[in-house]
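Excluded from the calculations below are hydrogen atoms, water molecules and symmetry mates; all remaining heavy atoms, backbone and side chain alike, are included. The residues of the chain are indexed from 1 along the displayed sequence.
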Amino acid sequence: MSWFDRNRGDEPAEEAWARLGAVVDQSQVAAAMHTASGLAGLRRYVLRFEARGARVRVTGLESEALPRGGGPPDPSAFAAKVGAVESSLATLLKRFPRPFTFERGAIGVLRGGDAEIGLAFRFDEDADAYTLAELPIPTGEPNPIEDPRYVKALLAWEGRIAPVRARWLLAGREDAWTLNGARLTITGPAGNRVLGADPIALYWPQGNRFEWLVETPVGEEPPFVEPVLTTAMSGAMELAVFAAVRMKRVGVFQAEIGSEKGEILFVALRE
């Protein structure tokens, strides 16, 4: 007997499903899972959790890389938002209509290129038998920054990326700077510096929008040939430093422009 049939007893199945569905919507689990999965990209994974009194804790995650990129949630997004996922699951447990309850559970997460997230819930004995194989492969366009060719290139180039990343120059609050042609002039408490430089990209943290400023793509991998990308700040910085390496530059300059929207400019340093 399934968990659902065991808990509903003599209640008609349609009525029981309706009651459970209403509680799931109120708990905001879907919104929490969407945020924890990352800004964009194909997702296919199983999240496992346990109830410990009134609290719920995530205990595991099962996934595998998809052929075109994606699959598991974005690691940084998941680490930052797992608390919100646990909180929403605790709300679900608290509001579950009696006699429904659970000690453990699993959620199958599926997100396609349209960014719509689908969740499949399993509880107790049903969760124990639930596997990743039951989830179909998501459809739609993957996030270019998760393309396997780009991920592979990042690993292959890490030895050359590291020293350029180490020479990351951040404009200070008291610094005044100008970029004219290929010359970056920085004036501040440390004095006046003039460096050879080339624009890389603009990034809008408010909308997670990354836009290339280079005249020609610096590589053949998908993120380099897409003029506009959606990514978190960490992904934007990764793209900028990789581009600087491909441009045969030695460092990256970062500065905020546009005080109202907080745009960020990335510049490749020649010296």
Side-chain angles (χ1 to χ4, degrees), residues 1-8 13-14 16-50 56 58-82 84-86 88-89 92-93 96 100 102 104-152 208 221-223 226 229-232 235:
M1 180 180 291
S2 69
W3 170 88
F4 175 72
D5 289 331
R6 175 169 57 81
N7 278 273
R8 75 180 175 91
E14 289 187 5
W17 278 121
R19 289 202 297 147
L20 290 174
V23 172
V24 168
D25 292 341
Q26 294 167 8
S27 68
Q28 296 295 304
V29 175
M33 292 300 300
H34 180 71
T35 304
S37 293
L39 291 171
L42 305 180
R43 297 290 178 262
R44 178 178 179 262
Y45 63 95
V46 174
L47 180 84
R48 299 195 181 275
F49 54 91
E50 290 181 352
V56 178
V58 170
T59 58
L61 191 150
E62 299 164 15
S63 186
E64 58 186 21
L66 295 170
R68 297 189 300 151
D74 177 85
S76 58
F78 189 80
K81 299 300 181 180
V82 67
V85 171
E86 292 176 336
S88 67
L89 289 171
L92 180 66
L93 175 63
F96 247 24
F100 288 96
F102 62 85
R104 60 196 181 281
I107 302 176
V109 182
L110 195 70
R111 190 173 76 182
D114 58 2
E116 290 291 330
I117 194 165
L119 305 180
F121 290 84
R122 301 290 187 274
F123 300 100
D124 292 343
E125 63 267 36
D126 293 349
D128 297 339
Y130 192 57
T131 66
L132 181 66
E134 297 184 46
L135 289 170
I137 301 297
T139 60
E141 291 301 313
N143 189 343
I145 66 172
E146 294 180 341
D147 186 279
R149 289 167 290 178
Y150 177 65
V151 175
K152 183 178 179 180
N208 303 298
E221 294 81 6
E226 289 289 337
L229 300 158
T230 298
T231 183

| query | Do Phe78 and Leu47 touch side chain to side chain, with heavy atoms closer than 4.5 Å? | reply | yes

Residue pairs passing the side chain to side chain donor-acceptor pair (under 3.5 Å) test with at least one member in residues 129-138, sequence neighbours excluded, are none

Of all heavy-atom pairs linking Ser27 and Ser88, the shortest is O-CB, 3.3 Å

The reported gap from CZ in Phe96 to CZ in Phe102 (rounded to nearest 0.5 angstrom) is 6.0 Å

Scanning both residues in full, the closest heavy-atom pair of Ala32 with Ala84 reads CB-O, 3.9 Å

State whether the side chain of Arg122 and the backbone N or O of Gly108 hold a donor-acceptor pair below 3.5 Å, judged by distance alone.
no

Contact check, side chains of Leu89 and Ile107, non-hydrogen atoms, under 4.5 Å = yes

Contacts of Arg44 meeting side chain to side chain contact (heavy atoms under 4.5 Å, CB included) (sequence neighbours excluded), chain-then-number -> Glu64, Leu66, Leu110, Leu132, Leu135, Ile137, Pro138

When rounded to the nearest 0.5 Å, the distance separating CE of Met33 from CG of Leu119 is 6.0 Å

dist Leu93:CG -> Phe49:CZ (nearest 0.5 Å) comes out at 9.0 Å

Residues passing the side chain to side chain contact (heavy atoms under 4.5 Å, CB included) test with Ala77, sequence neighbours excluded, are Asp74

One should read off an interatomic distance between Leu42 CG and Asn143 CG, to the nearest 0.5 angstrom, of 8.5 Å

Next item on the list: Measure from the side-chain N and O atoms of Asp126 to the backbone N and O of Trp3, and report whether any donor-acceptor pair falls under 3.5 Å.
Entry: yes

| message | Are the side chains of Leu39 and Thr231 in contact, using a 4.5 Å heavy-atom criterion? | response | no

When rounded to the nearest 0.5 Å, the distance separating CZ of Arg104 from CD of Glu125 is 7.0 Å

Sub-4.5 Å side-chain heavy-atom contact between Leu20 and Phe121:
no

CG of Asp147 to NZ of Lys152, rounded to nearest 0.5 Å, is 11.5 Å

query: Does any non-hydrogen side-chain atom of Pro144 lie less than 4.5 Å from one of Tyr150?
result: no

> Under 3.5 Å, is there a donor-acceptor pair between the side chain of Arg48 and the main chain of Ala127?
Replying inline: yes

